[in-house]
Amino acid sequence: MTEENNTDADFPEVRDFIRDQIRSDLDDGRGEKVVTRFPPEPNGYLHIGHAKSICLNFGIASEFAGRCNLRFDDTNPAKEDQEFIDAIREDVSWLGFDWDGDVKYASDNFEQLYVWAEHLIEADKAFVDDLTAEEMREYRGTLTEPGKNSPHRDRGVDENLDLFRRMRAGEFEDGARVLRAKIDMASGNINLRDPVLYRIVRASHPRTGDNWCIYPTYDFAHGQTDAIEGVTHSLCTLEFEDHRPLYDWLIENLPVPSYPKQYEYSRLNMTYTVLSKRRLMQLVEEGHVAGWDDPRMPTISGLRRRGVPAASIRDFISRLAISKSEGTVEAAMLEHCIREPLNDSALRRMAVLRPLKVVIENYPEGQTEDVEATNNPRDEAAGTRSVPFSREIYIERDDFMEDPPKKFFRLGPGREVRLRAAYFITCTDVIKDDAGEVVELRCTYDPETRGGDAPDGRKVKGTLHWVSASHAVDAEVRLYSPLFVVENPGATADFLSTLNPASLEVLKDCKLEPELANVAGGQVVQFERLGYFCTDPDGSADTPIFNRTLGLRDSYAKVMAKG
RNA sequence: UGGGGCGUAGCCAAGUGGUAAGGCAACGGGUUUUGAUCCCGUGAUCCCUGGUUCGAUCCCAGGCGCCCCAGCCA
């Protein structure tokens, strides 16, 4: 963030085991400045789980007056793409963070990493192996049995150097040889059983093109790149905990310019979605969603398109706390963080999603009047607006029941309700089509109730939203529900079988109050009684398309569910 | 008898020797021209069993449960 550092008592310091560690490092005089980095691999779009890492790394840099790099971990050209680099940059910026200086890439250091690889060979701490992938797996042993040394492990330094240089020169086929660290094939930690440092991959790299045919592995690139960038605290998720001894081994055995330390915390899991790039990729590639930015996706771009404010994501992450215990956060937590700022800021508007025509029989034909409606009851400064009212209006089909139960506060035959900011109306007649479906309501209004209050003090239980038929703007509205029907789809053998078939509902015949024709892209408004909505780029000036960001809390639905 | 982690309310968690913060959810109640918002209220023998101690969620020992690692992915 570009905000001031939180030295003020108004900003209680954030506490977790990583920040505590940093404080103690700073107190011990181990480095005077904190440097972190957010290191995505450009092989997919960022999702809400990455937001945790982004907020952590950039947040810490800001809190401790340090700096944070955006660094692409682009060491595997077979999977990476410029599209992802561009999307990731945009998402980090949109979330509200500024990286230090230029965007960094692990590939910026390919030459230096190569030199260090030779350094390791010269120190007899790395060797070129000719084993095939399958053979290597056999030699590696198992979780409970030690591995065996490769037959090529004792090649001389000169031969290794020669072979490695020829690997770089492109003399060998992909996969024919690798460079391995010489550590301990009997280690209980499999990452220390002579891990691969370089492999031959002939794939065009988004940054370095075809300059290289050998690429460093994550393990060889990450820590050393941290060291080059002066990263002091290299924060990553728990699955890398086992790699830390290797991370440290490389730092100790190479003439690196600084000594970064790795710390691990638990990754974010959330209910009713998946947060693995592999699965998200599958959803996109197999067409289960419309793309990485489909509003049902837990991606940053999907959330953005759905209308979720960046501040909501930051707030959500800030409520999570950093720990080492793995858990799954309920989606309701995120939803709360979405509603909170929107409730304060979103302008109230009226939109009828499933229209039912209402004719107000005692209202003069051809007459139109403007009623004044509050833009935001939470913010008087938001003012009011005029909404046209006339003899024929639309109300929500759900707001009428021919034979309503006792707890139904809305319209029914003979019942009186309030039309928000307008008048009380009473249903006098129900018109049906041949199939018996209600197609129109006949009502009367009480002219004395203009504005929504009765001079005689009588009360109504229900207030309905409405739109004047002749003034209505036609629109498409897309309602989104969770993508999956089970809390933890990732735990299912075939997670696709748990996809929610009703995750997207498209309503084409929606009626909006005229003011809704002027909603700017990126602006979120509240459709009263329904939820928060924003325009979708698929829409046009003629027929806007609105995405439902999130529904309002609905305690009536709970009452109904209970019966 | 592989290695590395984690176990505090439905969920996320703070506390780490003095007798259990906070948020989300849920459930009551009040206000209300959004059944929204807002306001008030309600929840824990801290995985188990021993031990040390005046006293243990916190220390020690032994269990149990869950997660990660056998890619030339990150």
Side-chain angles (χ1 to χ4, degrees), chain A residues 15-16 39-41 43 73 75-76 78-80 129 131-133 136-138 140-147 174-180 186-193 195-201 214-215 217-219 221-222 236-245 264 266 268 271 277-278 316 318-337 339 343-344 348 350 373-374 377-378 407-410 418-422 424 449 451-453 459-465 487 526-531 551-560:
Chain A
R15 302 217 52 155
D16 54 58
E41 183 191 12
N43 66 345
D73 237 334
T75 57
N76 185 5
K79 294 186 174 179
E80 295 154 9
D129 202 349
L131 254 29
T132 63
M136 213 181 285
R137 192 181 322 123
E138 285 161 21
R140 188 153 34 229
T142 68
L143 294 178
T144 54
E145 297 163 307
D174 283 21
R177 289 183 222 265
V178 294
L179 180 73
R180 293 226 259 169
S187 173
N189 182 342
I190 290 179
N191 293 297
L192 262 22
R193 318 241 266 227
V196 171
L197 268 21
Y198 266 90
R199 69 290 209 194
I200 303 171
V201 179
I214 59 171
Y215 291 92
T217 55
Y218 163 84
D219 286 308
H222 202 96
C236 63
T237 44
L238 253 26
E239 66 269 27
F240 292 102
E241 217 154 11
D242 294 344
H243 293 243
R244 191 177 352 124
E264 312 85 12
S266 61
L268 172 67
T271 56
K277 276 198 220 168
R278 196 207 108 229
F316 171 64
S318 76
R319 291 171 190 244
L320 257 26
I322 303 300
S323 75
K324 296 189 78 149
S325 58
E326 302 170 81
T328 303
V329 177
E330 292 174 337
M333 180 87 94
L334 209 212
E335 294 182 349
H336 171 81
C337 296
R339 290 190 183 105
N343 179 44
D344 287 336
R348 272 58 170 176
M350 291 196 285
T374 305
R378 301 268 299 165
K407 293 194 171 171
F408 187 79
F409 302 152
R410 286 112 91 148
R418 171 167 41 232
L419 294 179
R420 170 119 241 220
F424 284 12
T449 56
D453 277 311
K459 302 289 183 195
V460 288
K461 282 290 264 182
T463 300
L464 311 186
H465 58 277
E487 280 202 357
Q526 183 191 104
F527 289 181
E528 288 211 62
R529 304 210 299 137
L530 297 175
L552 257 25
R553 287 184 56 161
D554 187 359
S555 60
Y556 174 66
K558 286 180 195 166
V559 171
M560 289 291 90

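Within every chain, numbering begins at 1; the chains are lettered A, B, ... in the order of the sequence lines, protein sequences first and strands thereafter.
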Between [M] and [N], how far apart are the [atom1] atoms? Round to whole Å, please.
N       : M       : atom1 : answer
rG10(B) : rG71(B) : C1'   : 38 Å
rU45(B) : rC6(B)  : P     : 25 Å
rU8(B)  : rC46(B) : P     : 11 Å
rA36(B) : rC64(B) : C1'   : 47 Å
rC39(B) : rA61(B) : P     : 48 Å
rA21(B) : rG43(B) : P     : 11 Å
rC66(B) : rC72(B) : P     : 29 Å
rU49(B) : rG65(B) : P     : 16 Å

*Pull up the glycosidic torsion of rG30(B) and say syn or anti, syn being anything within 90° of 0.*
anti
I'd like a list of close polar pairs between nucleotides 5-10 of chain B and the protein, N/O only, cut-off under 3.5 Å.
unit_1: rG10(B); atom_1: N2; unit_2: Glu330(A); atom_2: OE1; d: 2.9

*Within 45 degrees of the axis of the six-membered ring of Tyr556(A) and under 6.0 Å from its centre: does Arg410(A) put its NZ or CZ there?*
yes
Those residues that, when tested against [X], pass ring-ring contact (aromatic ring centres under 6.0 Å, His included) (two or more places apart):
X         : answer
Tyr218(A) : His222(A), Phe240(A)
His465(A) : none
Phe316(A) : none

*Going through the distances and angles, do Arg348(A) and Thr374(A) end up as a side chain to side chain contact (heavy atoms under 4.5 Å, CB included)?*
CA-CA 7 Å; Arg348(A) 272 58 170 176; Thr374(A) 305; over 6 Å; no
Distances under 3.5 Å between nitrogen or oxygen atoms of protein and nucleotides 20-23 of chain B:
unit_1: rG23(B); atom_1: O2'; unit_2: Arg319(A); atom_2: NH1; d: 2.7

*Counting Watson-Crick and G-U wobble pairs whose two distances are both under 3.5 Å, find the runs of 3 or more in a row that involve RNA chain B.*
B:2-7 with B:64-69, B:10-12 with B:22-24, B:26-30 with B:38-42, B:47-51 with B:59-63
Residues that [X] engages under side chain to side chain contact (heavy atoms under 4.5 Å, CB included), provided they are two or more places apart:
X         : answer
Val460(A) : Glu416(A), Arg418(A), Phe424(A)
Asn76(A)  : Glu41(A), Ala78(A), Lys79(A), Glu80(A), Arg199(A)
Asp174(A) : Ile200(A), Arg202(A)
Glu326(A) : Leu238(A), Ser266(A)

Where [X] and [Y] come nearest, the two heavy atoms and their spacing:
X         : Y         : value
Thr75(A)  : Ala221(A) : CG2-CB, 3.6 Å
Leu268(A) : Val329(A) : CD1-CG2, 3.7 Å
Leu192(A) : Ser187(A) : CB-OG, 3.6 Å
Pro245(A) : Asn189(A) : CG-ND2, 3.6 Å
Arg180(A) : Leu197(A) : C-CD2, 3.9 Å
Lys407(A) : Val559(A) : CD-CG1, 3.7 Å

*What is the per-nucleotide protein-contact pattern of nucleotides 34-42 of chain B, from the 5' end, where B denotes a base atom under 4.0 Å from a protein heavy atom, S denotes such proximity for sugar-phosphate atoms only, and - denotes neither?*
BBSSS----
*Can you give one letter per nucleotide of nucleotides 69-74 of chain B, 5' to 3': B if a protein heavy atom sits under 4.0 Å from the base, S if only from the sugar-phosphate, - if neither?*
BBSBSB
*Is Arg553(A) close to Lys558(A) at the side-chain level, that is, under 4.5 Å between some pair of heavy atoms?*
yes
